[in-house]
Amino acid sequence: MSEYDPQALQAKWQQRWEEQETYRASEDPADPRERRYMLDMFPYPSGDLHMGHGEVFALGDVVARYWMQKGYNVLHPIGWDSFGLPAENAAIKRNAHPAEWTYANIETQANSFRRYGISFDWSRRLHTSDPDYFRWNQWLFIRFFERGLAYRKGGLVNWCPNDQTVLANEQVVAGKCERCGADVIRRELTQWYFKITDYAQRLLDDMEQLTGWPERLLTMQRNWIGRSEGADVLFEIEGRDEPVHVYTTRPDTLYGATFFVVAADAALADEIVTDEQRPAFEAYRAEVAKLSDIERLATDKEKTGVFLGRYAINPVNGERIPVWAADYVLSDYGHGAIMAVPAHDQRDLDFARKFDLPVKVVVHTGLADPGETGEATPGEGTLVNSGPLDGLTKTEAITKIIEILETQGRGTGAVNFRLRDWLLSRQRYWGTPIPIIHCPDCGEVPVPDEQLPVTLPDLRGEALAPKGVSPLASATEWVNVECPKCAGPAQRDTDTMDTFVDSSWYFLRYCSPGYNDGPFDPEQVRKWGPIDQYVGGIEHAVLHLLYSRFFTKVLHDMGMVDFTEPFQRMLNQGQVINGGKAMSKSLGNGVDLGQQIDDFGVDAVRLTMVFAGPPEDDIDWADVSPAASQKFLARALRVMSEVTSEPGVAFDGGDTELRKVTHHTIDEATKLIESQRFNVAVARMMELTSATRKAIDSGPGPADPAVREAAETLAVLLSLVAPYTAEEGWERLGRTGSVAFAGWPVADPALLVQESVTCVVQVAGKVRDRLEVSPDISEDELRALALASEKIAPYVQGMPRKVIVRAPKLVNIVP
RNA sequence: GCGUCCGUAGCCCAAUGGGAGAGGCAACGGCCUAAGGAGCCGUACGGUGCGGGUUCGAAUCCCGCCGGACGUACCA
């Protein structure tokens, strides 16, 4: 290994790339190259880079470098998602300011990135915690506010008792805080929301454009948005003036509604409960409020509820049905109230059986009576006991009943979404202040644009300790301001924005990082956007990726961008694990990226990441071998170093066998990179290396032009994965300039044709003979040749029934 | 429970309706060597989770199981 000193190569080439700004994207309007935008999800600066970063950026760099080789003008920027809780927690612990920890970590990561050799355009670097950046968060917030897309409302919200802040729906995973894993509880609070639900249908429809996204990602978003079709039906409640809306996907079963359920925490329940039932109701409601989400949503949990003492009137048949309150009905979906059809809905049936409510079958499905079996029959069938719907199928009945309801003014067809509005306020310090001033006379007044940014008051240490309200509230000098409208005494909003706001548009800022007249220069965004390839973790499937799509659509509606989807292609890399488990301190199975680099070199680590398997698969570090990668790179560099011909020599006269290998490798590697099968592309590079080695040792020798061709090809292919080794090899081959821009080789079709191919002769699908034939042999010739084979004779008596010929590779004889 | 994806050599993984194996790890053998954990060359290993079906032909398509991963979870 003495010849291959990765640390020395790294030092040498890293310096040159920096001096020459090798990877800077060109802004020159005269630059004729087509533009491409390659983006990796920007990192959060929590300490140094880890193995996960190592993987994402190694993969993203393959794409960026491939495009550079192909001659595109590539934008490949880097920045930091530098607002967020960990900085705040660190600051409390160290009695410091969050910025200290944050910016120190950013420097550490930046240095690691440089060492890691990622082809970033460093001139566009941004940090979301810079006033120059978050100023535009505030500017955008105000624009959203003006359009009615940012609003404040009271209601039950998700509260993380550990982080002492509210959370958006998307940040509650299985009832737990997405960040810290604490059980989320529900609190009644007034908070800021983005009206993402206004865009639900478009978020769904525009997924058609996302042909370059993995299917599972689209599925996750589709499920999260959760569109359903049905009807809004009006139910009168005895003793209430206004009728109550319910949403149902099964209006056809309206005749089977035997009771009515209101969410226990809905205002309606509190309003209509009779005096007699009130004590029971309030006790029940208190009981429900105590449950954590985890308990409340447990699948095997028994149905609970309480009768409200009232009756609703079924609009189609005038039946009086009892109104109950229960926690299986959610207050924030639909209208927070349902008609219960126990025969055809399992949840309603469970409830009916628990509380002895009647079960009435209205769809004959051929299955046993749900009232007897306890199994609801939600499937297809024929309507019965349903007046005008009798005899119809489910689908027909749905259409018909909606028609009837609409004619009578008792309901309409309706669409509902599972998606909720995006709760964006956070009761924490290290984020973007919400640029609103609360005035007792004027209400919510946006901070005038010219006063932006609203910067954070200087708080540190204990002052940041979570106490259930934002730390900003204690900065009285900062809080108390004049109302921009009436100049009367007023107060700043003391919450900060969810950091997902920061990341919802950062990719646009990269197009014009210093721009001062808006969040981004629309002209530059038109030139670079949308992003051609985005790389990042699947964990953002319904977080960052959904929010960014929403932001892009709003910006499109504002006329600021001319596309409606920000990310054309999406690659979700897997995770790096160790020994079958996620790396963690408690398991003690962590692997340190820096240590791996020290031990094996950057290129070997990157190669290991890329070669380990398909990019979307997890990499178990216990299953792979960076040492082996290092050996391969040493071998490749040795091959490149042993070439003795001069640069520029014509390849034509070189050894044909090796040339064919080289051109096959080019052909295959190109297709493999295009289809993101990077691991297989690396395997091809290994083959080319072996073939070249053989040619030098026991073939035409190191002076043969074909050996140079193979070695130069290897350097270029390798530059996507192992840039240091590739640069060094390129230089040793006597070439000048960075190998990064050497140009992607093109396979010569003449060298791809083979003189002969092996044709397999099968009898009844079993291989019985192999023939060497010309690749352009005709079907007839091949058939004749195969039938004449002596090896097949024992298996074929007389005329075969059928002969399938797939020239030139295969003949199958069916005797 | 529902949805999506996945089961190929001891291990990581190729093969996208046509020969089961490209590449790598580990193993074994040879050459080189003072020796080697370096280098070079080579060898072996499975019939594709199980059972059906479609087809001239199935790892690949369809159905049902078994096992695993991820997502989601009272959304009316």
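Chain naming here is simple, since letters A, B, ... match the order of the sequence lines and numbering starts at 1 in each.
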Next item on the list: On RNA chain B, check which nucleotide each of Asn416(A) and Arg677(A) is closest to and give me the residue with the more 5' one.
Entry: Arg677(A)

Check: What is the nucleic acid contact for Glu215(A), judged by heavy atoms within less than 4.0 Å: base, sugar-phosphate only, or nothing?
Finding: nothing

Checklist line | Glu687(A) side chain to Thr665(A) side chain, donor-acceptor N/O pair below 3.5 angstrom | finding: no

Item checked: Counterpart base for C2(B), defined by Watson-Crick or G-U wobble contacts under 3.5 Å -> G71(B)

Next item on the list: Ignoring backbone atoms, test whether Arg418(A) places a side-chain nitrogen or oxygen under 4.0 Å from the OP1 or OP2 oxygen of A73(B).
Entry: yes

Check: Taking Glu642(A) as the fixed residue, which of Arg732(A), Arg693(A), Arg635(A) is the one that meets the salt bridge (charged side-chain N to carboxylate O under 4.0 Å, His left out) rule?
Finding: Arg693(A)

Check: If you find the nucleotide of RNA chain B closest to Ile813(A) and the one closest to Val680(A), which residue's nucleotide is nearer the 5' end?
Finding: Val680(A)

Next item on the list: Go through the steps to decide whether Val814(A) and Val803(A) satisfy the test side-chain contact (heavy atoms from CB on, under 4.5 Å), and finish with yes or no.
Entry: CA-CA 6 Å; Val814(A) 187; Val803(A) 181; over 6 Å; no

Next item on the list: Using whole Å, report how far CZ of Arg783(A) lies from P of C56(B).
Entry: 16 Å

Notebook entry, point to check: Among Thr197(A), Val542(A), Leu203(A), which residue meets the side chain to side chain contact (heavy atoms under 4.5 Å, CB included) test with Ile225(A)?
Noted result: Leu203(A)

Margin query: Heavy atoms from C-beta onward define the side chain here; which of G23(B), A76(B), G39(B) lies closest to that of Glu687(A)?
Written below: G23(B)

Check: With sugar-phosphate meaning primed atoms plus P, OP1 and OP2, does Arg222(A) contact a base, only sugar-phosphate, or nothing at under 4.0 Å between heavy atoms?
Finding: nothing

Margin query: side-chain contact (heavy atoms from CB on, under 4.5 Å), that's the test. Do Arg186(A) and Val157(A) meet it? Break it down for me.
Written below: CA-CA 5 Å; Arg186(A) 288 144 76 75; Val157(A) 297; over 6 Å; no

Next item on the list: Any strand is fair game: report the nucleotide pairing with G39(B) by Watson-Crick or G-U wobble, both distances under 3.5 Å, or none.
Entry: C31(B)

Next item on the list: Please work out if Phe632(A) contacts a base, only the sugar-phosphate, or nothing of the nucleic acid, heavy-atom cut-off 4.0 Å.
Entry: nothing

Item checked: Distance-only donor-acceptor test (3.5 Å): side chain Arg770(A), base G19(B) -> yes

Checklist line | Ion pair check, Asp667(A) and Lys671(A), cut-off under 4.0 Å | finding: yes

Check: Which part of the nucleic acid, if any, lies within contact of Thr758(A), taking any heavy atom under 4.0 Å across all strands shown: a base, the sugar-phosphate backbone alone, or nothing?
Finding: base

Any protein N or O atoms within reach of nucleotides 68-71 of chain B? Criterion: under 3.5 Å, listing atom names and distances.
none

Margin query: Under the rule for salt bridge (Lys or Arg N to Asp or Glu O under 4.0 Å), what residues qualify as partners of Asp780(A), not counting sequence neighbours?
Written below: Arg783(A)

Item checked: Pair assignment for G7(B), Watson-Crick or G-U wobble, requiring both distances under 3.5 Å -> C66(B)

Notebook entry, point to check: Could one point to a donor on the side chain of Asn812(A) or the base of C56(B) with an acceptor on the other under 3.5 Å away?
Noted result: yes

Check: Closer than 4.0 Å, any side-chain N/O of Lys809(A) to the OP1 or OP2 of G18(B)?
Finding: no

Next item on the list: Look at all strands and tell whether Arg635(A) reaches a base, only sugar-phosphate, or nothing, counting heavy atoms closer than 4.0 Å.
Entry: sugar-phosphate

Notebook entry, point to check: Has Lys354(A) got more than 12 heavy atoms of other residues, nucleotides or ligands less than 6.0 Å from its NZ?
Noted result: yes

Checklist line | Donor-acceptor pair under 3.5 Å, Lys694(A) side chain vs C41(B) base | finding: no

Item checked: Footprint string (nucleotides 47-52 of chain B, 5' to 3'): B base within contact, S backbone only, - free, heavy atoms under 4.0 Å -> ------

